[in-house]
Trainee: 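Here it is: the structure, laid out below.
Within every chain, numbering begins at 1; the chains are lettered A, B, ... in the order of the sequence lines, protein sequences first and strands thereafter.
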Amino acid sequence: MYAFYGPRGWWPVRTKAGIPGFDSRGYHKGDYSLPQSPGEVFEIVTGAILTQNTSWKNVEKTIEELKQKDMLSPHALAGSDPGDIARLIRSSGYYNQKTKKLINTSLYFLKEKFLETSLSPGRTGLLSVWGIGPETADSILLYAFGEPFFVVDAYTKRLLTRLGCISGNESYDEVQKYFTARKKIPEALPLVHYYNEYHALIVEHAKQHCRKNPICPGCPVKRICRYG
DNA sequence: CGCCAGGTGGGAT
DNA sequence: ATCCCACATGGC
């Protein structure tokens, strides 16, 4: 899939959109040096929560709103009126729930000073926050803190099920194990970069070919798939 | 119009 | 543990 789609430039960082080295949406292909500041770390944390069961397109708009109102920080979010936050993040859907999730996460980050110290919250720590489940936790660890946690989402399960790798009713942790237990990892890429690309490639592949109604002509993994 | 999108938590069984 | 549901907007 890497040969077919190329590097994906994840995680997109809106606050860098358009500057040299970044495309208009904040993707940075082949550059694994992000995030580079506490602000960028927190933007990824926020994006990971906002995109829960929601298209990234809707989230981009919200991130932009938050940024323009100087609300893209744990301090600002934790100190704001929930109603104001809900209005700002409206386009990302589930705005009442996500308001609560953002405030909870902000309070946790403030209390533990993760941004100041650059210390990782750790998986258990993130999962203890109301509003952060396994996928959001792993997304934050992998893309915001640069730790090798493989992200499993609905696309991952769909692809692996169609390829015949899993039955489809496995738990999050079981699917994750399918990847982390593998020994065949290209040496050219550090593990964290490999996981970075792998998840992003699965998302791209699921959007282009492995949709709910699959588009098999031209699929890069057609040969090893039951469909097609 | 209907269906889907880079899930999570709560409640019943 | 395992199912079922609420949560909500915007794009196609």
Trainee: Within the pair A:Lys212 and B:dC4, is there a side-chain N or O less than 4.0 Å away from OP1 or OP2?
Mentor: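 Checking A:Lys212 against B:dC4: at least one side-chain N or O falls below 4.0 Å of OP1 or OP2.
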
Trainee: Suppose we screen for ring pair (Phe, Tyr, Trp, His ring centres under 6.0 Å). Which residues come up paired with A:Tyr108, at least two apart in sequence or across chains?
Mentor: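 A:Tyr108: ring pair (Phe, Tyr, Trp, His ring centres under 6.0 Å) contacts with A:Phe114.
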
Trainee: Only one of A:Tyr195, A:Tyr198, A:Tyr143 forms a ring pair (Phe, Tyr, Trp, His ring centres under 6.0 Å) with A:Trp10, so which one is it?
Mentor: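 Option passing the ring pair (Phe, Tyr, Trp, His ring centres under 6.0 Å) with A:Trp10: A:Tyr143.
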
Trainee: At under 4.0 Å, does any side-chain N or O of A:Trp10 touch on OP1 or OP2 of B:dG6?
Mentor: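 Negative; the distance criterion is not met.
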
Trainee: Which is true for A:Arg8 with a 4.0 Å heavy-atom rule: it touches a base, it touches only sugar-phosphate, or it touches nothing?
Mentor: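 Here A:Arg8 touches no strand at all.
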
Trainee: Output all residues satisfying salt bridge (Lys or Arg N to Asp or Glu O under 4.0 Å) with A:Glu64, sequence neighbours left out; order by chain, then residue number.
Mentor: A:Arg14, A:Lys67

Trainee: Between residues 131-144 of chain A and DNA chain B, which residues have a heavy-atom gap below 4.0 Å?
Mentor: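 Per residue number, the list reads A:Gly131, A:Ile132, A:Gly133, A:Pro134, A:Glu135, A:Thr136.
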
Trainee: When we call it a touch if two heavy atoms are under 4.0 Å apart, what does A:Val129 touch: a base, just sugar-phosphate, or nothing?
Mentor: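 Touches sugar-phosphate only.
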
Trainee: A:Arg8: which residues meet the salt bridge (Lys or Arg N to Asp or Glu O under 4.0 Å) condition with it, sequence neighbours left out?
Mentor: A:Glu204

Trainee: In terms of side-chain heavy atoms of A:Gln52, which of B:dG7, B:dC4, B:dG6 is nearest?
Mentor: B:dG7

Trainee: Under 4.0 Å between a Lys/Arg side-chain N and an Asp/Glu carboxylate O for A:Arg90 and A:Glu65?
Mentor: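 A salt bridge is absent here (no side-chain N lies under 4.0 Å from a carboxylate O).
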
Trainee: What does the B/S/- profile of nucleotides 2-8 of chain C look like, 5' to 3', with a 4.0 Å heavy-atom cutoff to protein?
Mentor: -----BB

Trainee: According to the 5.5 Å centroid and 30° plane-angle thresholds, does A:Tyr172 stack upon the nucleobase of B:dG7?
Mentor: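 The base of B:dG7 is not stacked with A:Tyr172 (the test needs centres under 5.5 Å and planes under 30°).
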
Trainee: For nucleotides B:dG6 and C:dC12, find the distance between their P atoms and express it as a whole number of Å.
Mentor: 12 Å

Trainee: Map A:Thr51 and A:Lys100 onto DNA chain B by nearest heavy atom, then report which one ends up closer to the 5' terminus.
Mentor: A:Thr51

Trainee: Using atom OH of A:Tyr155 as one end and atom P of B:dC4 as the other, report the distance to the nearest whole Å.
Mentor: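 Spelled out: OH on A:Tyr155 to P on B:dC4 is 12 Å.
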
Trainee: Please list, in numerical order, the residues of residues 27-48 of chain A that have a heavy atom closer than 4.0 Å to any atom of DNA chain C.
Mentor: none

